[in-house]
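Heads up, the thing below is written out as structure tokens.
Letters A, B, ... are given to chains in the order of the sequence lines, protein chains preceding strands, and every chain is numbered from 1.
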There are 2 protein chains.
Amino acid sequence: MITLSEENYLKCIYRLWQDKGQKITPTAIAESLGNNPASVVDMIRKLTDKQLINYDKKKGVELTTQGQKDATLIVRRHRLWEVFLLEKLGYHWDEIHDIAEELEHIKDATLADRLDKFLGFPEYDPHGDPIPKANGKMAKRYSTTLADVKTGGQCRVVAVKDTTSQFLQYLQKLGINIGTKIQLIERISFDNSLVISIDGAEHKTVSQKFGESLLIDM
Amino acid sequence: MITLSEENYLKCIYRLWQDKGQKITPTAIAESLGNNPASVVDMIRKLTDKQLINYDKKKGVELTTQGQKDATLIVRRHRLWEVFLLEKLGYHWDEIHDIAEELEHIKDATLADRLDKFLGFPEYDPHGDPIPKANGKMAKRYSTTLADVKTGGQCRVVAVKDTTSQFLQYLQKLGINIGTKIQLIERISFDNSLVISIDGAEHKTVSQKFGESLLIDM
DNA sequence: AAATAAAATTAGGCAAGACTAATTTTATTT
DNA sequence: AAATAAAATTAGTCTTGCCTAATTTTATTT
Ligand SMILES: [Mn+2]
Ligand SMILES: [Mn+2]
Ligand SMILES: [Mn+2]
Ligand SMILES: [Mn+2]
């Protein structure tokens, strides 16, 4: 049996792996979860014993085939619950992440599949992240951010990389949603701030960090 | 903050209180949860410190006003989730209890109320137990069992007192659901077995324990 | 009332999952 | 290459929630 904490670590490792494709270190995991590196080292031992990860000083942490499967299923449950909370219960997109963070740990052989069917087999969650299918496959993940757009370029928001309520509420305030069209008017060379036009409206300036948190399709 | 274990104890105490109205002892709690009495004594201390229960050698365990409120909310969540699992996800009534046992611990200020609304404010859960309203009030709880019916009497199943899948699957096999009409043909004085007719069909014999597990309305 | 049985409690222990502080290893500068 | 900084690891501690075994208290028989 895999515990709640183990599941959270697994999901975290999975995300780091997808996000960066880089070496996954204890420090990176600790930072991402807000835990102490010493605790991470403990958990690395546990997950290694359970054959869900491999750890090598040189290569860092890697998911085993089983670890990948388990992680994918947790992500599937998380994103399906997010769709449920938004579409069926009427939550806003900045409220659902934390609740899904708990719901994702409910274990039942058929729950995810039933929920998937009930929701009409959605491809993406409310933040634009692809929902893994029962077989582990999933739709395209976008990786280009608003910060990658060249000056003058036009793009469409397809996902958010940051799901904190601070960021999502800021987007709300700016009138940005999945699907919103944005034009990059100017890049301020001093600090890479971005001057943008949202749905053709008047110009607004946002930070580089902001730009790197919005995934777009050109 | 109240932990998952504390919530389970609280709900257990609440059920014992409703079921019997009798003195609630550490042994009774231990039995009901399948835990050791020593563990129960530990938890009694914790819940007392948090002012959710009072414990007196003479009177046994009693819920404080806050304890009652908390317990009622947990029960509310449990029963609402059961309705969801059955009606929206298509589970059978013998599969939902264990999943709801986990879902009931998801904490969010508005979740229960949103779920309630989404489900159309159901009065009873799939086992015939009344669902506490947001204000703590709830519909009538039935207390007469099939074992209380007098010979020759006709009654209607309104709830099950036992929600184990063994019992529920047995009911399924016998064709008994909430709403099913049962006539008590004969009571075997040797062991209080009951000869019954289900929806007017041929006679079947069931045990006293069975009779005491079915709540009915005359 | 004594003897016995049952229930409650205490004492001590264990595993999970976190922490801090100290140490060791590895990487980066100078 | 040595010095320094950063990262990883170890050692030891804490809380929660459970356990077993021993003891004490309470209830039931004889
Ligand atoms: Mn989680
Ligand atoms: Mn999401
Ligand atoms: Mn529970
Ligand atoms: Mn129920």
At less than 4.0 Å, is any side-chain N or O atom of B:Ser39 found next to OP1 or OP2 of D:dC19? Yes or no.
yes
B:Ile29 CD1 to C:dT9 P, straight-line distance once rounded to whole Å
11 Å
If the threshold is 4.0 Å, N to carboxylate O, is there a salt bridge linking A:Asp19 and A:Arg141?
yes
So, does the side chain of B:Asp42 form a donor-acceptor pair with the base of D:dC18 at under 3.5 Å?
yes
Sidechain N-carboxylate O distance under 4.0 Å for A:Lys133, A:Glu123
yes
Per-nt protein contacts along nucleotides 21-26 of chain C (heavy atom under 4.0 Å; B base, S backbone sugar-phosphate only, - none) come out as ----SS
How many Å lie between CG on B:Asn35 and C1' on D:dT20, as a whole number?
14 Å
OP1 or OP2 of D:dT16 sitting under 4.0 Å from any side-chain N/O of B:Arg45?
no
Non-hydrogen atoms of A:Trp93 and A:Leu86 that approach each other most closely:
N-CD1, 3.6 Å
Only one of B:Asp70, B:Ile74, B:Thr72 passes side-chain contact (heavy atoms from CB on, under 4.5 Å) with B:Tyr14; say which it is.
B:Thr72
Side-chain ion pair, A:Asp116 and A:Arg76, N-O less than 4.0 Å
yes
Whole angstrom value for the distance that separates C1' of D:dT16 from CD1 of B:Ile44
17 Å
Tell me which of B:Pro37 and A:Gly34 sits closer to the 5' end of DNA chain C, going by the nucleotide each one is nearest to.
B:Pro37
Using atom CG of A:Leu47 as one end and atom P of C:dA18 as the other, report the distance to the nearest whole Å.
11 Å
Between A:Lys50 and A:Glu6, is there a side-chain N and carboxylate O pair less than 4.0 Å apart?
yes
Dot-bracket encoding per residue of DNA chain C, Watson-Crick/G-U cut-off under 3.5 Å, | denoting interstrand:
||||||||||||||||||||||||||||||
Which residues, if any, of residues 2-11 of chain B bring a heavy atom under 4.0 Å of DNA chain D?
B:Thr3, B:Ser5, B:Tyr9
Between A:Pro26 and A:Ile44 the two heavy atoms that sit nearest each other are CG-CD1, 4.0 Å
Whole angstrom is fine here: how far is it from CG in A:Asp49 over to P in C:dA16?
10 Å
May I ask you to check whether A:Ser193 and A:Arg187 show a side-chain donor-acceptor distance below 3.5 Å?
no
Minimal non-hydrogen separation, B:Arg77 against B:Glu104, with atom names
NE-O, 2.7 Å
Validate the cation-pi geometry between A:Lys88 and A:Phe118: distance from NZ or CZ to the six-membered ring centre under 6.0 Å, angle to the ring axis within 45°.
yes
Would you say D:dT16 has OP1 or OP2 under 4.0 Å from some side-chain N or O of B:Lys46?
no
Can you label the angle between the B:Phe84 ring and the A:Trp81 ring as parallel, tilted or perpendicular, going by 30° and 60°?
tilted
